[in-house]
There are 2 protein chains.
Amino acid sequence: MDLNHRKLRILRAIVDEYILSGAPVGSKVLSQNPSFKLSSATIRNEMADLEDLGYLEQPHTSAGRVPSDKAYRLYVNNMMQRSNLTEDEIKVMSAYCQSRVKGLDAVMRETASVLSRITHYTALVMMPESTTNRLRHLQLVPLAEGYALVVVVTDAGVARDSVIRVPAEMGADELDRLSRLISQRYYNCRMIEVGDRMMKELGGELQDRGTFLTDLVETMETAPGANAHRIALSGANNMLDFPAYSDIDRARQLLAAVEKKDSMYQMLKNAGPFEISFRIGSELGQDIFSDCSLVTASYRIGSIPVGTMGVIGPTRMPYGKVVSVLDYMSKSLGSILTNLLEED
Amino acid sequence: MDLNHRKLRILRAIVDEYILSGAPVGSKVLSQNPSFKLSSATIRNEMADLEDLGYLEQPHTSAGRVPSDKAYRLYVNNMMQRSNLTEDEIKVMSAYCQSRVKGLDAVMRETASVLSRITHYTALVMMPESTTNRLRHLQLVPLAEGYALVVVVTDAGVARDSVIRVPAEMGADELDRLSRLISQRYYNCRMIEVGDRMMKELGGELQDRGTFLTDLVETMETAPGANAHRIALSGANNMLDFPAYSDIDRARQLLAAVEKKDSMYQMLKNAGPFEISFRIGSELGQDIFSDCSLVTASYRIGSIPVGTMGVIGPTRMPYGKVVSVLDYMSKSLGSILTNLLEED
DNA sequence: ATTAGCACTCATGGGAATGGAGTGCTAAAG
DNA sequence: CTTTAGCACTCCATTCCCATGAGTGCTAAT
């Protein structure tokens, strides 16, 4: 008993049908599909086999069959085909592409928003980060006495701000001089190297400034990609749309999980820099997401993958459609960023 | 038939009880309260009166009474008293106060997070904004040819970044020169004036740069408070905790409404710069929030109100507790910001 | 003015009955 | 050996009914 051609065809039909209807599919509806010239009894036998093989599950004795995670995995690997986008969808997405000239933050939020609106699922977009990030500019802006705002700009086109203490005797002039010095000397250096070099090369000059230099370096390093670990999220409430979460308690847990941006970030990160990748149900390794799948696509600046975007939906999502949308959006975002940030 | 002393006492007891239990309160439980030396029948009569006056409502004939919005309004105006904070709550809040030295963004998010964790409701915190915001620093960082990142820093301690086009012939040097010029010349100018002055004073020098100057000014002005219209939000999923939203459909609508940050911003804004203000149920003017109240508190930098924070919860929230928490948090945030940003 | 008493209303929750979808098995047909 | 028709069986979902109980409004007595 193995997966012969007929079993594959039946399995595929079941997955397609279940994705469409959301209800367990029985042998009868399949036998009515004119492309099968089989009776419901035959199909029942095959379905029993498929269940033994772990591809199908039965919610209860007298219900139809539901695909297992294993079945979805097989489906996305071998059976799925991308579906075409509708005109409406293309319209929304290309409108989004035109609306440039904004901060990176806004672009990311907008991307997530479009993704979730089109798919009706929850969208996650990781801020671009790369180990090859380079320094563009550093500015220390004096605030109250003893405090300064550190603004770091990298070639990822993002300003990140945080506040550090500075020795009281350092005035605006000196902070400005220092900003200029660092900006010039380390222009275009990789962020991962800047810290070390600063410690070595500026340590002498600043040795009587207490912990100022170490603080500054630490601040710069905790923002290695200038946006490390940040994600944009949109459409979390769409989760409530699908029936698996009609139980209010589970819904709450789910939303709470989604609100933890750290762990969402990890999920995206774990997906790796692949063009398209799938995590199905149990593969996500989190109980609360056992009925969900995460489909991700990485986006590139030039040819270097710098981030990942993804969609979380029910395991029975229309993968073909979602893949098409992600493909389109990741390329759009990539080209927007590339245009904006590429070395001249 | 007017609101004599006894009616007020009864009404107050009903509100207190209902806030505690969440179930319609009947005449019997009140008559068992030893502080009333009245039979349930007497109380029933009074309750009927209170219903006629619009302070109570009956979900159905044989249920107890539930306070109306009008009753809550009376309650918060005249009857409510602040409740003391528990040691745990104070511990959480003071821990939060100690964790300084972060970007403003992080402080705001943290504030919202603490608020929602303590109250178990949804917390909103408006970014500080003020018509008296002053420019600290402007930096134009060259990106790809023809693009530059604009970083605006105001005395609200925030960097805001967005991208604009620049004439191709303007090199890094010139952008830097211009940044320095603007930063110096307009240092400490009110943001609302900077735009006009720049147009007048720099128009000549930059007249052959196409729309560059207008673009720059517009960018700076759309960030008048450097953070205009931005809010931090936390604990939206707490909404699902309360029974009024156990209906999954309503829950979805609610979450969708909360996710619209614009309208949430407006709600905060409408509350005005009062120390504490309440919006109860229908007073919020949005159907979906008809079972919710918004309690807000403004926070100050020095003595100037620059923003508002608030908590959205069910109309039957423990107002006394929420007011205490908001009071504490708004003062904490105010002092954190004041320390950080006050003129030296 | 207050209260005891009583009839009445209505939401709630627990069976019991019903209908229907879908299965597994068996035996017959191809 | 494979396929199919037929049938008994299982289990869920829906509906209906009824008992229960909380709470009310009204009336008459205190």
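Chain A is the first sequence line, chain B the second, and so forth, proteins listed ahead of strands; every chain is numbered from 1.
- Note that NZ of K261(B) is 9.5 Å distant from CG of L124(B), once rounded to the nearest 0.5 Å.
- S293(A) pairs in a side chain to side chain donor-acceptor pair (under 3.5 Å) with only one of the listed residues (Y121(A), Y72(A), Y319(A)), which is Y319(A).
- Computed from coordinates, the L30(B) CG to dT2(C) C1' distance equals 17 Å when rounded to whole Å.
- The local environment of CD in Q81(B) is sparse, with at most 12 non-hydrogen atoms from other residues, nucleotides or ligands closer than 6.0 Å.
- Rounded to whole Å, the distance from NZ on K7(B) to P on dT2(C) is 10 Å.
- Residues satisfying the side chain to side chain contact (heavy atoms under 4.5 Å, CB included) test with K70(B), not counting sequence neighbours, are Y55(B), S68(B).
- Checked options R44(A), K7(A), R65(A); the residue passing with D49(A) is K7(A) (criterion: salt bridge (charged side-chain N to carboxylate O under 4.0 Å, His left out)).
- Proximity of residues 10-22 of chain B to DNA chain C (heavy atom under 4.0 angstrom from any strand atom) is not detected for any residue.
- In this structure, F36(A) places its CZ atom 16 Å from C1' of dT3(D), rounding to the nearest Å.
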Nucleotide N/O to protein N/O under 3.5 Å, stretch nucleotides 14-22 of chain C:
{"unit_1": "dG22(C)", "atom_1": "O4'", "unit_2": "S62(A)", "atom_2": "O", "d": "3.2"}
{"unit_1": "dG22(C)", "atom_1": "O3'", "unit_2": "A63(A)", "atom_2": "O", "d": "3.4"}

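- Between T42(B) and dT3(C), a side-chain N or O to OP1/OP2 separation shorter than 4.0 Å is present.
- With rounding to whole Å, E51(A) atom CD is found 10 Å from dT23(C) atom P.
- Projected onto DNA chain C by closest heavy-atom contact, S39(B) and H60(B) fall at different nucleotides, the more 5' of which corresponds to S39(B).
- Atom CD of E275(B) sits in a sparse spot, with 12 or fewer heavy atoms from other residues, nucleotides or ligands closer than 6.0 Å.
- Proximity of a side-chain donor or acceptor of S31(A) to a complementary backbone N or O of K28(A) within less than 3.5 Å is detected.
- Going from atom CG of D49(A) over to atom C1' of dT3(D) covers 14 Å, rounded to whole Å.
- One atom, NZ of K37(B), and another, C1' of dT3(C), lie 17 Å apart when rounded to the nearest Å.
- Within a 6.0 Å radius of CG in D287(B), other residues, nucleotides and ligands contribute 12 heavy atoms or fewer.
- Atom CD in E46(B) sits about 14 Å away from atom P in dT24(D), given to the nearest Å.
- At most 12 heavy atoms of other shown residues, nucleotides or ligands fall within 6.0 angstrom of atom CD in E87(A).
- Rounding to whole angstrom units, CD1 of residue I43(B) and P of dG23(D) are separated by 13 Å.
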